[in-house]
Amino acid sequence: MSTNTQLLLPDEAGLAAAAALLCAGGLVAFPTETVYGLGADALSAAAVARIFAAKGRPSSDPLIVHVAELADLPRVTSTLSAAAQQLAAAFWPGPLTLILPRGPAVPLAVSAGRATVAVRLPAHPVARALIAAAGTPLAAPSANRFGHTSPTTAAHVLADLDGRIDAVLDGGPTPIGVESTVLDLTTAVPTLLRPGGISLEQLRALLGSVALGGRAEPGVGMASPGLLDRHYAPASELWLVVGPVAAAHAWLRAQAMPYLAAGQRVGLLVPDEDAATLADLGADVERLGPAVDLATVASRLYAALRALDARRPAVILARDFGQAGLGLALRDRLTRAASGRVVYV
Ligand code: TXA
Ligand code: MG
């Protein structure tokens, strides 16, 4: 599969060119408020098949369908429960994906054979303008090769998919930086499948009880490292340390020193405060922002991970940000990047 990938600007001409490619069954990467998505016409089985091929994604892993307006929902789902309507009113447009009953027009391949479909109404103006211009819902997973880190810039998209997709719309860095929250509304109790931009606290405030699905369970890396998805994975081995600041710093030092003493590189993925405290080590530091400002930390996480990984350190050491608010999403992504190498101090 080799294609000349066009870099388009999200002006009138760029959006029209992108929409024409999508209507012809092509693949166009576009910015959303979370990460860049790799879009195709969600109602065309042939177009959707190209997404799986370009990403190298197993056909068993279902895709999210993106709509521009609430009025488009009947095209993708058969019924909208009271809970779905409440959530849509509260959090759409925004970083929340709802698992709903799949409508008959959605090809089976989109949801990998399930009776359900994942739906999201994104907040990014370029995403919404593109879906509206294409005139069809867009299936869009994150625009990376399967198992790689999700892209938060057009350059990240090209690093993974140049020559494999028709175009990328460059809308600058994505503001949230981690993927949407995925909530299953087809279970008896709504189930959080992936923590993200809308927090568990926000969902519980609206719905009352929300169950934690396997992938959202905090500390899952300890319980079953072998079963973890190896997602969001850098090439370098990554370790995540969870615990009080002083103990975490002591652990980071103890881990880093033998490598540094042997003349090897160590990457540190940490908040600004840690960078200052650990500056004397001489490690390669990526500062994620103040530890209390989780929105900044999330927005920088994937670019920082890529930047560190590009320097091929012997090891990358990362610190946890707790479980409140966006912290749960950060722990989930870092745990997966660590492939289960999570240490509680
Ligand atoms: O923020 C986001 O959600 C980004 C942007 C582009 O919208 N998209 C994204 O897509 O992260 P992807 O494919 O990388 O992740 C979608 C997740 C996967 O874990 C997939 O298994 C799950 O949603 N999913 C999709 N459809 C599902 C379904 N019908 N039932 C259960 N899980 C589903
Ligand atoms: Mg993904």
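Basis for what follows: all heavy atoms, side chains included, without hydrogens, waters or symmetry-related copies. Counting starts at 1 for both ligands and their atoms, in listed order. Predicted model only: the values in this text are computed from it and were never measured.
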| request: Give every residue pair that meets the salt bridge (Lys or Arg N to Asp or Glu O under 4.0 Å) criterion with at least one member in residues 141-159, sequence neighbours excluded. | output: none

| said: Assess the residue pair Glu179 and Arg120 against the criterion (salt bridge (charged side-chain N to carboxylate O under 4.0 Å, His left out)); give the C-alpha distance rounded to whole Å, side-chain angles, the decisive distance to 0.1 Å, and a yes or no. | reply: CA-CA 11 Å; Glu179 303 82 351; Arg120 179 158 110 77; over 6 Å; no

| note | For Ala18, the side-chain contact (heavy atoms from CB on, under 4.5 Å) test, sequence neighbours excluded, returns Leu8, Val28, Leu130, Leu169

| said: Counting only nitrogen or oxygen atoms and a 3.5 angstrom limit, does Thr32 reach ligand 1? | reply: no

| In terms of side-chain heavy atoms, does Asp293 have a donor or acceptor partner in Thr296 at a distance below 3.5 Å? | yes

| Are Asp309 and Ser236 close enough that a side-chain donor and a side-chain acceptor fall under 3.5 Å? | yes

| field | Proximity to ligand 1 by part of Leu63, non-hydrogen separation under 4.0 Å | value | backbone

| request: Could you tell me which atoms of ligand 1, counted from 1 in the order shown, lie closer than 4.0 angstrom to a heavy atom of Glu179? | output: 1 (O), 2 (C), 11 (O)

| field | His66 N/O under 3.5 Å from ligand 1 N/O | value | yes

| said: Pairs of nitrogen or oxygen atoms closer than 3.5 Å, one from Arg194 and one from ligand 1: do any exist? | reply: yes

| Is there a chain of hydrophobic side chains (I, L, V, M, F, W, Y, each step under 4.5 Å between heavy atoms) that links Leu138 to Leu98? | no

| Under 4.0 Å from any heavy atom of Ser142, which atoms of ligand 1 are there? | 8 (N), 9 (C), 10 (O), 12 (P), 14 (O)

| Hey, which atoms in ligand 1 end up nearer than 4.0 Å to a heavy atom of Leu193? | 31 (C), 32 (N)

| query | Should you measure from each heavy atom of Ile64, which atoms of ligand 1 turn up under 4.0 Å away? | reply | 3 (O), 8 (N), 9 (C), 10 (O), 16 (C)

| request: Please work out whether any backbone atom (N, CA, C, O) or any side-chain heavy atom from C-beta onward of Arg57 is under 4.0 Å from ligand 1, and answer side chain, backbone, both or neither. | output: side chain

| said: For Arg102, state whether at least one heavy atom is located under 4.0 Å from any atom of ligand 1. | reply: no

| message | Is the shortest side-chain heavy-atom distance between Thr191 and Leu183 below 4.5 Å? | response | no

| query | Considering residues, nucleotides and ligands other than Asn4, do more than 12 of their heavy atoms fall under 6.0 Å from its CG? | reply | no

| task | Would you check if there is a donor-acceptor pair between the side chains of Arg194 and Ser180 at a distance under 3.5 Å? | result | yes

| Any N/O/S atom of Asn144 sitting less than 2.8 Å from the Mg ion (ligand 2), backbone or side chain? | no

| task | Show which atoms of ligand 1 fall inside a sub-4.0 Å distance from at least one heavy-atom site of Ile99. | result | 27 (C), 28 (C), 30 (N), 31 (C), 32 (N), 33 (C)

| task | Indicate, with yes or no, if Leu100 and Leu70 share a hydrophobic cluster defined by side-chain heavy-atom contacts under 4.5 Å among Ile, Leu, Val, Met, Phe, Trp and Tyr. | result | yes

| field | Options Val182, Asn144, Leu100, Asp61, ranked by nearest heavy atom to atom 21 (O) of ligand 1, top entry | value | Asp61

| Which atoms of ligand 1 are found less than 4.0 Å from any heavy atom of Pro141? | 10 (O), 12 (P), 13 (O)

| Is any N or O atom of Thr34, backbone or side chain, closer than 3.5 Å to an N or O atom of ligand 1? | yes

| Under 3.5 Å donor-acceptor, Arg114 side chain and Pro62 backbone | no

| task | Specify side chain, backbone, both or neither for Arg114, according to which of its non-hydrogen atoms lie closer than 4.0 Å to ligand 1. | result | side chain

| said: If the cut-off is 4.0 Å to any non-hydrogen atom of Gly37, which atoms of ligand 1 fall inside it? | reply: 6 (C)

